[in-house]
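Below is one structure, written out as structure tokens; the observations come after it.
This one's a predicted model, so the numbers in the text were calculated from it and none came from an experiment.
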Amino acid sequence: MHCPVCGEKLALFLHNQEGLVPFCKHCEEFRFPQFATAVSMVVVNRAHDKILLARHKGQQDYILFAGYVKKGETAEKTVTREFREETKLNVVKYKYMSSRYHEPHNVLMLNFLVVAENGELSLDLSELDDAVWFDFDGALQAIRKGSDAEAFLKNAITELKKQ
């Protein structure tokens, strides 16, 4: 790890109650880890009995809809913007569910359960190859195994079955 300000190699030092935190000896500053923030969406229809999964360009597995939070944007705004950009459908309502840190991409994923309006899907073909409405069992079969998306999906299905 290197300092994002001066490029100096960081060393771990004890910081009050924070524990070991990267420290820049050149800047004499603690440098808390920086990472991107994104939203992940388990999208359901109004009847709450179908889940919409997407297949990104060149991928074989289906995953959840997702997108990065832009600077100055709230996670809630990102949910509505990203879903509309990728499907041309509006979000009727949403509920925050949970979060997970995705280490391979250095991203904090904020997961939402999203209800989509009824209507014709019009996919952004520059990002997506396909999107399909699945029943719960079909969604669990189609989702990438062992992924954060699978964990979020299982959590959402448990919540939906309580309703």
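Taking each heavy atom of Leu14 and Leu20 in turn, the nearest pair found is N-CD2, 3.9 Å. A pairwise comparison of heavy atoms in Ala116 and Val92 identifies C-CG2, 3.7 Å as the closest pair. Minimum interatomic distance between Val107 and Ala38 (heavy atoms only, all atoms of both residues): CG1-CB, 3.6 Å. Phe23 and Phe13 get closest at one heavy-atom pair: CB-CD1, 3.3 Å. When every heavy atom of Met41 is checked against every heavy atom of Ala66, the shortest pair comes out as CE-N, 3.8 Å. When all heavy atoms of Glu150 and Gly146 are compared, the pair lying nearest together is OE1-N, 2.7 Å.
Considering CZ of Phe112 and CD of Glu76, their distance stands at 4.5 Å, rounded to 0.5 Å. If you take CG on Leu64 and CD1 on Ile143, they are separated by 4.5 Å, rounding to the nearest 0.5 Å. For the atom pair CG of Asp130 and CG of Leu125, the computed distance is 10.0 Å after rounding to the nearest 0.5 Å. Between atom CG of residue Leu10 and atom NE2 of residue His2 there is a gap of 7.5 Å, rounded to the nearest 0.5 Å. Taken to the nearest 0.5 Å, the OG1 atom of Thr87 stands 10.5 Å off from the CD atom of Glu82. Annotation: the span from Leu140 atom CG to Leu153 atom CG amounts to 5.0 Å, rounded to 0.5 Å.
Other residues, nucleotides and ligands place no more than 12 heavy atoms under 6.0 Å from the NE2 atom of His105. Summarising the local packing, NZ of Lys93 is surrounded by 12 or fewer heavy atoms from other residues, nucleotides or ligands at distances under 6.0 Å. Atom CD of Gln17 has 12 or fewer heavy atoms from other residues, nucleotides or ligands within 6.0 Å.
Neither Met97 nor Val39 shares a network with the other; the hydrophobic side chains, linked directly or stepwise wherever heavy atoms of I, L, V, M, F, W or Y lie under 4.5 Å apart, form separate groups for each. Both Val91 and Tyr96 belong to a common hydrophobic cluster when Ile, Leu, Val, Met, Phe, Trp and Tyr are linked at side-chain heavy-atom distances under 4.5 angstrom. Both Val115 and Phe152 are members of a single hydrophobic cluster when ILVMFWY side chains are connected at heavy-atom separations under 4.5 Å. Clustering ILVMFWY residues whenever any of their side-chain heavy atoms sit less than 4.5 angstrom apart, transitively, puts Tyr94 in a cluster other than the one holding Ile51. Hydrophobic clustering of Ile, Leu, Val, Met, Phe, Trp and Tyr side chains at less than 4.5 Å, counting indirect connections, unites Val69 with Val114.
Within the 4.5 Å cutoff, the side chain of Leu110 has no heavy atoms near those of the Thr78 side chain. In this structure, the side chains of Asn155 and Ser98 come closer than 4.5 Å at one or more pairs of heavy atoms. Considering only heavy atoms from C-beta on, Gln163 comes within 4.5 Å of Leu160 through its side chain. Side chains of Trp133 and Val43 form a contact here, defined as non-hydrogen atoms less than 4.5 Å apart.
Within the structure, salt bridge (charged side-chain N to carboxylate O under 4.0 Å, His left out) contacts touching residues 94-104 (residues at least two apart or in different chains) are Lys95-Glu159, Arg100-Asp148. Pairs of residues two or more places apart, or lying in two chains, never qualify as salt bridge (charged side-chain N to carboxylate O under 4.0 Å, His left out) while including a residue from residues 3-13. Sorted by first and then second residue, the pairs that involve residues 37-70 and meet ring pair (Phe, Tyr, Trp, His ring centres under 6.0 Å), not counting sequence neighbours, are Tyr62-Phe134, Phe65-Phe83. The salt bridge (charged side-chain N to carboxylate O under 4.0 Å, His left out) pairs that include a residue from residues 111-126 number zero, where partners must be two or more places apart or lie in different chains. Sorted by first and then second residue, the pairs that involve residues 60-69 and meet salt bridge (charged side-chain N to carboxylate O under 4.0 Å, His left out), not counting sequence neighbours, are Asp61-Arg144. Pairs of residues two or more places apart, or lying in two chains, never qualify as side chain to side chain donor-acceptor pair (under 3.5 Å) while including a residue from residues 22-35.
Using modelled atom types, one finds a donor on one side chain and an acceptor on the other under 3.5 Å when comparing Tyr101 with Asn106. Counted by atom type alone, Asn111 and Ser40 present one or more donor-acceptor pairs between their side chains at under 3.5 Å.
Here Thr80 pairs with nothing under the side chain to side chain donor-acceptor pair (under 3.5 Å) rule; sequence neighbours left out. Listed by chain and residue number, nothing satisfies the salt bridge (charged side-chain N to carboxylate O under 4.0 Å, His left out) test with Lys70 (two or more places apart in sequence, or in another chain). Residues satisfying the side chain to side chain donor-acceptor pair (under 3.5 Å) criterion with Lys77, sequence neighbours excluded, are absent altogether. Scored by the salt bridge (charged side-chain N to carboxylate O under 4.0 Å, His left out) test, Glu127 finds no partners at all (sequence neighbours excluded). Not a single side chain to side chain donor-acceptor pair (under 3.5 Å) links Asp135 to another residue, sequence neighbours left out. Applying the side chain to side chain donor-acceptor pair (under 3.5 Å) test to His15 and every residue at least two apart in sequence or in another chain returns nothing.
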